[in-house]
Amino acid sequence: MSGPALLRLDLPARAETLGELRVALRGAFARANIEPAASERLVLAINEAVCNVIRHGYPGRDDGILHLRIERGRGVLRMRLRDAAPPVDPAGIKPRDLDECRPGGLGINFIDATMDSWALRPLRRRDGNVLTMRKRLRDVRLRTGGRGKS
Amino acid sequence: MNSCKTEDADGLRLVRVTGEVDMSWSQDLRKEILDAMAKGSAVGVDLSAVTYMDSSGIAALVEGFQQSRSSKSRFALIAPSDAVRSVLELARLDRVFPIVESAAAARGD
C-alpha cells in the first residue's frame, strides 16, 4: 500500500472497541465522499473482519492488537488489516453456502459480497496475518456532477 | 444506547431491541430471545430501532428462529429498520424469517 492513508488505527482486539471502530470508519468514508449506503456496507465488512480476528485469532485473550490502514489511490479503496495472531491457512477461509440456515459463519460472506477482491495471507517470519481488501471507488462514491479525483 | 428488553404485549413476548447490535453484546440479545421463547409460545423481536447489526446479531435471530421451529412456537421479526433489512438481504435471510410490521401481526391478530 502506497497512497496517502485515509485512516490508520491501532486497536485492541476486543469486542468493546467495535463501536469506536465503526465511528472512525464512518468518518473516514464520509471524508472520502463515499455514498452512505455503500459506507455502511464497507463498515460492516471491516467490522466482520475484525470480529473474525477477535473470535478466531485471539480466542480467550484480551491482549491482541490489530492494525488497520485504509488508503485510496488509482481509483480504489485499499484496506489492510494486520494482526499478530497465529497464522491461518487461507485455503480454509471462504464463504459458506447461504442456503444453510444456521447461526454463525456469515462474516466472510459479507466481506466477499462487499469487496471487489480480498486476500488473506499469513506473515512469513513471525505470527500474524494480513487481510487486504479492495473496492473500486467509482462504484461507491457520491456523484457530485463533476469528475472527482481518486 | 444499546438495549434489549422483553415485555408482555397481550400474550406476545415482545423483545424490543435498540441501538447497534454487535459482537460486544449480541450474546445478551441471544439470551433475551431464548428466555422469551422459554416463557411464551409467541415471540416478536422489534427491530425498528436498530441502527446497525452485524453477523453475530443475525446469529442470535437465527437461533431464536430455529428454536421456534423445534418447539413449534410463533416467532417473528417486527418492523426491521433499513439497516437490519439490508443485512438480512445480504445473508439471504429476508425470505426465511417471518417478518411483520406490527406486534398485532406477530400475534396473528
Side-chain angles (χ1 to χ4, degrees), chain A residues 11-26 29 35-62 64 66 93 95-115 140, chain B residues 1-4 17-34 37 45 47 49-70 75-77 80-99:
Chain A
L11 66 157
R14 293 200 293 267
E16 311 89 84
T17 64
L18 290 169
E20 192 180 317
L21 166 69
R22 293 192 296 272
V23 169
L25 290 171
R26 288 175 182 132
F29 293 139
E35 189 269 325
S39 169
E40 279 304 297
R41 278 285 295 274
L42 292 167
V43 168
L44 176 70
I46 295 169
N47 180 101
E48 297 293 341
V50 169
C51 286
N52 279 346
V53 176
I54 295 170
R55 188 180 290 118
H56 304 296
Y58 298 113
R61 290 173 53 183
D62 62 2
L66 286 158
I93 310 296
R96 74 163 167 87
D97 181 0
L98 289 179
D99 288 335
E100 298 170 28
C101 180
R102 63 175 170 85
L106 287 170
I108 293 295
N109 291 77
F110 290 175
I111 294 169
D112 191 62
T114 300
M115 301 298 174
V140 295
Chain B
M1 178 68 181
N2 301 326
S3 70
C4 57
V17 192
T18 302
E20 299 203 340
V21 181
D22 69 16
M23 185 184 165
S24 69
W25 70 284
S26 55
Q27 282 300 313
D28 298 343
L29 173 60
R30 173 183 175 275
K31 182 174 185 307
E32 193 78 16
I33 290 172
L34 295 180
M37 304 211 65
V45 184
L47 299 168
V50 174
T51 52
Y52 174 88
M53 180 172 278
D54 72 8
S55 66
S56 69
I58 296 292
L61 301 178
V62 169
E63 277 201 67
F65 176 58
Q66 289 181 326
Q67 177 66 27
S68 75
R69 288 205 294 197
S70 61
F75 178 85
L77 307 184
S81 63
D82 289 347
V84 174
R85 279 186 186 275
S86 67
V87 181
L88 290 174
E89 288 168 8
L90 199 56
R92 291 195 218 150
L93 289 167
D94 52 316
R95 293 179 188 175
V96 174
F97 284 116
I99 298 176

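Residue numbers begin at 1 in each chain, while the letters A, B, ... track the order of the sequences.
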Shortest non-hydrogen separation from A:D99 to B:R92 and the atoms involved: OD1-NH1, 3.9 Å

Contacting moiety of A:R22, where chain B heavy atoms sit under 4.5 Å: side chain

Any donor-acceptor N/O pair, A:E40 side chain to B:Y52 backbone, under 3.5 Å: no

Evaluation steps, side-chain contact (heavy atoms from CB on, under 4.5 Å), between B:D54 and A:F110: CA-CA 9 Å; B:D54 72 8; A:F110 290 175; over 6 Å; no

Among A:C51, A:G19, A:A37, residue most engaged with chain B (heavy-atom pairs, under 4.5 Å): A:C51

Over 12 foreign heavy atoms within 6.0 Å of CG, B:D28: yes

Heavy-atom closest pair, residues A:A113 and B:L90: CB-CD1, 3.9 Å

Crowding at CD, B:E89 (>12 non-hydrogen neighbours, <6.0 Å): yes

Heavy-atom side-chain contact between A:P103 and B:R30 under 4.5 Å: no

Where A:R102 and B:Q66 come nearest, the two heavy atoms and their spacing: CA-NE2, 3.6 Å

Gap separating the CE atom of B:M23 from the CG atom of A:L18, nearest 0.5 angstrom: 7.0 Å

Side chain / backbone / both / neither for B:L93 at chain A, heavy atoms under 4.5 Å: side chain

Chain B contact via A:E48 - which portion, at a heavy-atom distance below 4.5 Å: side chain

Nearest atoms (heavy-atom pairs only) where A:A15 meets B:S24: O-CB, 3.4 Å

Smallest separation among heavy atoms of B:V62 and A:C101, with atom names: CG1-SG, 4.1 Å

Euclidean distance, B:S55 OG relative to A:I111 CD1, rounded to 0.5 Å: 9.0 Å

